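All remarks here apply to the structure that follows.
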Amino acid sequence: MENQDWKKIGFGYSKTNYNVRCTFKDGKWGELELSDSEYLNLHMAATSLHYGQEAFEGLKAFMGKDGKVRVFRMDENAKRMQSSSDGILMERVPTELFQEAVKLAVQKNIEFVPPYGSGASLYIRPLLIGTGAEIGVKPADEYLFIVFVMPVGPYFPEGFKPTDLVIMRHFDRAAPQGTGKYKVGGNYAASLTAGKKAKAEGYSAVLYLDAREKKYIDECGPANFFGIKDDTYITPESESILPSITNMSLIQIAQDLGLKVERRKVAVEELATFEEVGACGTAAVISPIKRIYDADNEKEYLYGTEPGKWSVKLYDKLRAIQNGDEPDQHGWVEVVD
Ligand SMILES: *Cc1c(COP(=O)(O)O)cnc(C)c1O
């Protein structure tokens, strides 16, 4: 993949050599298997197809200047998939099995890891689905765990550019005591209509409010939200937010850089007081925001058209750790090849 134009590949599916699979059957996980097929042979009554027994993860591998390939915080992705499994009654994938599968998937597709300095990376998608046939509403007794990978381009091919968000109170992504805190496909299905409307109107994502009172910020589509003011990194506390590993890492880096950190309810009106706001997740690390439009009140909150200074510092530091350019003082990266 030497002559790829890495800026052009974007975030989309592409085929690589192998994927890694593991089956849970007769009460136990089997051996990891390599497959070169992109397809599954699935029972039509599988619970994943009917009752949404499906959870996924997303993480990345990066090529360093030293030619080593590093994966970022995969132990946290393993834990989060276990939490998702508990949330929708699927079999847990043990941490060690998860990590072995991720490493094997990267190693067997090593030629697809984009070069250092391209801004591109290898996206890793672990997936867990109920494969057992059930027609009554109950959890399956058989599961399939798959890890596949593909190269993805830099999230900001033209550079780190702020985008716009929209608040629309007639859409919810997750219920207060529902599955918002689990990384399950059902939450994504629930967000497609709102996301499509937001994109059609020129916004990068919907900024969801808490579904109960519509008073507090929840998260931005598939990313967590943060605001910065008075040297403080502030991120919402809510029972329906998916705990972002990027956010968790930015919280630590913010503290390392001397910022105070607050995780608490953030009222919509507080948007007027932030100096910088951003969305964070594996795809972009930080996606700075220049404008949030509250569509129901026809009110707008404006931030700079350029990324704020703390957003740039946080972004640069996290990317440097991922690439192996700066010391990994918290033990977040693992060299896999
Ligand atoms: C995956 C995801 C995120 C981001 O999590 P990271 O671990 O940082 O990639 C945020 N919100 C939702 C709803 C997600 O599914």
Side-chain angles (χ1 to χ4, degrees), residues 11 52 54-62 71-85 87-88 95 98-99 102 121-128 147 149-150 152 154-155 163 165 171-176 178-195 198 204-211 216-227 233 235-254 263 266 277-289 311 314-315 317-319 321-322 330 332-333:
F11 189 82
E54 183 276 346
F56 69 97
E57 277 300 327
L59 65 162
K60 283 179 170 177
F62 304 87
V71 177
F72 187 69
R73 304 196 80 171
M74 63 175 154
D75 53 327
E76 291 295 338
N77 293 93
K79 276 198 253 168
R80 191 168 66 188
M81 184 174 257
Q82 289 162 3
S83 160
S84 297
S85 299
I88 59 168
T95 302
F98 184 99
Q99 292 183 324
V102 167
S121 55
L122 189 75
Y123 184 73
I124 305 164
R125 170 52 62 88
L127 176 71
L128 177 64
V147 180
V149 301
M150 76 216 72
V152 295
Y155 194 85
T163 61
L165 299 179
F171 288 106
D172 290 317
R173 171 190 162 270
T179 56
K181 58 183 180 291
Y182 307 123
K183 207 168 178 77
V184 298
N187 296 335
Y188 279 77
S191 72
L192 288 175
T193 312
S204 62
V206 179
L207 181 57
Y208 288 99
L209 302 186
D210 79 283
Y216 304 101
I217 309 290
D218 233 52
E219 61 176 322
C220 325
N224 277 188
F225 177 87
F226 68 87
Y233 179 100
T235 193
E237 169 115 85
S238 154
E239 57 195 332
S240 51
I241 292 179
L242 190 281
S244 154
I245 296 162
T246 311
N247 198 8
M248 187 197 298
S249 309
L250 291 173
I251 285 171
Q252 180 63 57
I253 294 172
R263 190 196 283 276
V266 177
V277 301
C280 61
T282 295
V285 177
I286 288 176
S287 179
I289 308 302
S311 297
L314 290 164
Y315 175 87
K317 185 85 182 174
L318 185 54
R319 290 291 293 111
I321 296 171
Q322 290 175 329
H330 301 291
W332 287 344
V333 293

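Just so we're clear, the structure is a prediction, and the values are computed from it rather than from any experiment. When a ligand or atom number is given, it counts from 1 through the structure's own listing order.
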Under 4.0 Å from a heavy atom of Y188: give me the atoms of ligand 1 that qualify, with their elements.
-> 2 (C), 12 (C), 13 (C), 14 (C), 15 (O)

Could you give the distance from CG (L250) to CD1 (I245), rounded to the nearest 0.5 Å?
->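 Interatomic distance, L250 CG to I245 CD1, rounded to 0.5 Å: 12.0 Å.
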
Spatial distance of atom CZ (F226) from atom CG (N247) [nearest 0.5 Å] = 8.0 Å

Closest candidate by heavy atom, reference atom 9 (O) of ligand 1, pool I245, T282, N247 = T282

Which option out of P222, A174, G281 puts a heavy atom nearest to atom 3 (C) of ligand 1?
-> P222

Do Y123 and F11 have ring centroids that are under 6.0 Å from one another?
->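 For F11 and Y123, the ring centres are under 6.0 Å apart.
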
Looking only at heavy atoms, what is the nearest atom pair of C280 and Y233, with distance?
->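 That closest heavy-atom pairing would be SG-OH, 4.2 Å.
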
Looking only at protein heavy atoms, which one is nearest to atom 7 (O) of ligand 1, and how far off is it?
->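 For atom 7 (O) of ligand 1, the nearest protein heavy atom comes out as R80 NH1, 2.7 Å.
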
Heavy-atom gap [X] to ligand 1 smaller than 4.0 Å:
X	value
R173	yes
M248	no
G221	yes

Using a distance-only test with no angle check, is there a side-chain donor-acceptor pair under 3.5 angstrom linking D210 and S238?
->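 Result is no, nothing qualifies.
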
Would you mind telling me if ligand 1 is within reach of the side chain of E219, the backbone, both or neither, using heavy atoms under 4.0 Å?
-> side chain

Side-chain donor or acceptor of S121 paired with backbone N/O of A61 under 3.5 Å |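 Pair absent, no side-chain N/O of S121 close to backbone of A61.
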
Using distance alone, determine whether N77 and ligand 1 share an N or O pair under 3.5 Å.
->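 By distance alone, the answer is no.
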
Min side-chain heavy-atom separation N224-I241 under 4.5 Å | yes

